[in-house]
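Position 1 is the first residue of the sequence; numbering continues from there. In listed order, ligands and their atoms are each counted from 1.
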Amino acid sequence: IQNLLHPHFAVKAMQSTDIFSVGGSLSVNAHGMDHQAGSVAGSIRSMRVILADGSVATCSPTENTDLFRHVVGGYGLFGVVLEATLDIVDNAVYRTSREIIKSDDFPKFFAEVLEPNKDIGLFYGHLSTAPGNFLEDMIVYRYDKVAEQPPADQPEIGEPGSVGLKRVIINLAKWGSLFQELKWFTEKTLEPKFESCTVARSSAMAEGEACLVTRNNPMHDSVPYLFNDQMEETDILHEYFIPRAAYVEFITEAREILRNQTLPVLNASVRIVHREDVALSYAPEPAYSLVLYINQPTDAGGNARMRALTRALIDVTIKHGGRFFLPYQLHYTAKELLASYPELPAFLAAKRQYDPTELFSSTFYRAIKALSGVA
Ligand SMILES: Cc1cc2nc3c(=O)[nH]c(=O)nc-3n(C[C@H](O)[C@H](O)[C@H](O)COP(=O)(O)OP(=O)(O)OC[C@H]3O[C@@H](n4cnc5c(N)ncnc54)[C@H](O)[C@@H]3O)c2cc1C
């Protein structure tokens, strides 16, 4: 879709990387770098869905709304999306910049800088994973709109740049404290110099680190640099959604949990999500989310450590009224699942109505069904 829309238009809402299918994205109600657009649910005009009985239904925010609320963020359990009509936006030109703030100041930064400034089209909050200031300092990457449309001579969306450098940086985190410090130093100082500016700089910008890109460029941050082909270790994503007022207390406690365990935290970032009105919502109220990328050995001991860590992070999330993201590992307990998603029994009852023979199933479905005690 990005290739078809480029150079004049861009996707409105999607993940922060672009390797996923449309159906897979709608079915987890994906969210990413556009903090104004929010998740994909808000960009869907309508969908055609084939149901378990073979009939095809159209649903949208105003038509067949119950089906719509169950298919979006419904993890593929209510039907197969055949077709979706999505909002798109201009492929605006952004001036990139970054600044380092204290993580605890993020809510203030959001309220005073990000939220009021409607020209900030994309944002990415990257937390330090260096032991010296673990989850304390944060690089805020900003994309400020400088033009609605790019110049006519835009190149095709190319392959993401600096893959080798990014791969080295992410791997540094696995080699101990000193290398974690080096990673943070590199992220602060070296990475900006390798940023690919896809729109020609004006002479006024030649001196600085600012760079001009079109929206499609940062939204094409594919993930080759994350590919881990090691057999004995793997990298696991986590995401926790926290009501905005509880962010600082949550980060304080999450920091302690992560410091007092041994799995290397490769990446930590903060996202903004809005209230999501779908049947099984990860954000029943506006939230910030903490996204973690954590390395583990692929043996029983590694799994046990990751399970214990996941449960500790889920518990602190629940304590602060938050929820965890369901697409990732199935390490949660029944109690944690139901405390995070009290709507789960109603969601599963609706599943039985739409799909009485359980035509649409998955490992995930069988797990959440068993955990919720449904026969
Ligand atoms: C490296 C990485 C980064 C990620 N970053 C983000 C992020 O920034 N934001 C975010 O929100 N999520 C993120 N995710 C999670 C990601 O959005 C989900 O895992 C998403 O479902 C993956 O899409 P997919 O195309 O791979 O789907 P699949 O894994 O193929 O499917 C996922 C689910 O969607 C269902 N499905 C697929 N196609 C259809 C269809 N046509 N109709 C109905 N159901 C369907 C499947 O049944 C399944 O339940 C990330 C995941 C990874 C691995």
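- In this structure, OH in Tyr240 is found 5.5 Å from CD1 in Ile314, a value given to the nearest 0.5 Å.
- Listed by chain and residue number, the protein contacts of ligand 1 are Gln15, Ser16, Thr17, Phe20, Ser21, Gly23, Gly24, Ser27, Val28, Ala30, His31, Tyr75, Gly76, Gly79, Val80, Val81, Leu237, Arg271, Phe325, Tyr328 (heavy atom within 4.0 angstrom).
- Summarising the geometry, atom NE2 belonging to His320 is positioned 7.5 Å from atom CD1 belonging to Ile242; distances are rounded to the nearest 0.5 Å.
- Under the 4.5 Å side-chain heavy-atom criterion for Ile, Leu, Val, Met, Phe, Trp and Tyr, Ile157 and Val93 are members of distinct hydrophobic clusters.
- Contact check on Glu358 versus Lys351 returns no salt bridge, with no Lys/Arg side-chain nitrogen under 4.0 Å from an Asp/Glu carboxylate oxygen.
- Judged as a salt bridge (charged side-chain N to carboxylate O under 4.0 Å, His left out), the pairs with a partner in residues 337-346 (not counting sequence neighbours) are, in order, Arg323-Glu343.
- To the nearest 0.5 Å, the span separating CZ on Phe123 from OH on Tyr143 amounts to 11.0 Å.
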